[in-house]
2 protein chains.
Amino acid sequence: MDFLPDSVNKLIEELSKLPGIGQKSAQRLAFHVLKNSDKNNNEFGEAVLKIKEGVFLCEICFALAQREICKICSDPGRDASILCVLENTMDMLAIEKTGEFRGLYHVLHGKISPLDGIGPEDIKMAEMFKRLTEPGSPIKEVILAMNPDLEGETTSLFIKKHLENLLPLRVTRIARGVPSGGSLEYSDDMTLIRALQGRQSI
Amino acid sequence: MDFLPDSVNKLIEELSKLPGIGQKSAQRLAFHVLKNSDKNNNEFGEAVLKIKEGVFLCEICFALAQREICKICSDPGRDASILCVLENTMDMLAIEKTGEFRGLYHVLHGKISPLDGIGPEDIKMAEMFKRLTEPGSPIKEVILAMNPDLEGETTSLFIKKHLENLLPLRVTRIARGVPSGGSLEYSDDMTLIRALQGRQSI
């Protein structure tokens, strides 16, 4: 809006570039920042400017990490026989937060998506196969935890197919079904079909 | 999360301080910033650091402004006989965007809220009365455009009461009713009551 100070308009513009932040939200946030203390804003601004400082990709699992080898890969308490394959570090964050999984991870940094021109060579797929086929690899099970969309499925099937002739590994996929707290009434057909197909004895 | 780089955790922390940004959104945004080009991040970071540079409160209407007197107050094309009273500059932005209103504004920077200990002396109320009672003031109508909540109502009534003995002004309030595109079915009781009370001949 042309009557606002340039600095406010500039921050609105920058904030509205962020994913999921529309014009209105950007305005609200910019006004919040404007009211903030200088100390707070300095910390915020510096955090943006320094985001890439000291950021590594773990040389083993390719997660974003604090050092060359991430905390999880260098933790001797983790179960090295199970490998959970993920699309990105955020998914790893989500699983790690549950505290349920004690194995190791491999972050692909993407998924196979022919429509977007992304093939297995564009993600950390070769690195994963290398890791699995390394002499003395302790990995006994690979859990595929891609997001349950078309590209995620494609990626899972690709891995499954390549592994079945290659190694005597157990390859599993995380369960798909009705989410906890969800309702059957509002679930889509595919979710219900997966839930029925994946039914288990109780 | 303790396995993430410090710089990423720091930005997640800073982003999650923003209103309406939870932990998950902050993570998503921080990862987005991490993938951004350095150029983009420099612009974003600098915009945060410089947000308060060259920001004025207009000396007439108290809107956030680029100079001592805002563009609207210094525009001779605006109708100086109508004054729209608002809680904050964002509301002014919303009304200005419609292009419907050609009068002037007064921004109170808050509303009377006894529960929060905010009285008329804590907002730009005296400044508004001064503006209205100034010799030669061209203002003929005051439109009260506070948000339709308890504090907004209180503020409107306070202004109405003070003005009715003071000046022969027309004091109006923006209409309250069912919003465009809204549905009666999902409207709350108070909205429907206001809509009925405010019915107009067609």
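Order of the sequence lines sets the chain letters (A, B, ...), proteins ahead of strands, with each chain counted from 1. Below, all heavy atoms of this structure are taken into account, side chains as well, without hydrogens, waters or symmetry copies.
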TODO: Step by step, work out the side chain to side chain contact (heavy atoms under 4.5 Å, CB included) result for A:Asn42 and B:Val48.
DONE: CA-CA 8 Å; A:Asn42 280 340; B:Val48 173; over 6 Å; no

Task: Candidate pair B:Leu4 and A:Leu93, rule side chain to side chain contact (heavy atoms under 4.5 Å, CB included), full reasoning - done: CA-CA 9 Å; B:Leu4 284 181; A:Leu93 220 64; 3.5 Å; yes

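The interface of residues 63-89 of chain A with chain B, defined by heavy-atom distances below 4.5 Å, comprises A:Leu64, A:Ala65, A:Gln66, A:Lys71, A:Ile72, A:Thr89. Inspection of non-hydrogen atoms places A:Lys50, A:Ile51, A:Lys52, A:Glu53, A:Gly54, A:Val55 of residues 50-61 of chain A under 4.5 Å from chain B.
For CD of B:Glu100, the number of neighbouring non-hydrogen atoms (other residues, nucleotides, ligands) closer than 6.0 Å is 12 at most. Within a 6.0 Å radius of CG in A:Asp188, other residues, nucleotides and ligands contribute more than 12 heavy atoms.
Both the backbone and the side chain of A:Phe44 come within less than 4.5 Å of a heavy atom in chain B. For A:Glu46, the parts lying under 4.5 angstrom from a heavy atom of chain B are both the backbone and the side chain.
Among the candidates B:Arg28, B:Glu13, B:Lys10, the residue making the largest number of heavy-atom pairs closer than 4.5 Å to chain A is B:Arg28. If you tally non-hydrogen atom pairs under 4.5 Å between each of A:Ser25, A:Ala30, A:Gly45 and chain B, the highest count goes to A:Gly45. Each of A:Leu34, A:Asn40, A:Asn36 has some count of heavy-atom pairs under 4.5 Å with chain B, and the biggest count is that of A:Leu34.
In this structure, A:Asp38 CG and B:Leu49 CG are separated by 10.0 Å, a value rounded to the nearest 0.5 Å. Within the model, atoms CD of B:Gln27 and CE of A:Met90 stand 4.5 Å from one another, a figure rounded to the nearest 0.5 Å. In this structure, NZ in B:Lys17 is found 5.0 Å from CD in A:Glu43, a value given to the nearest 0.5 Å.
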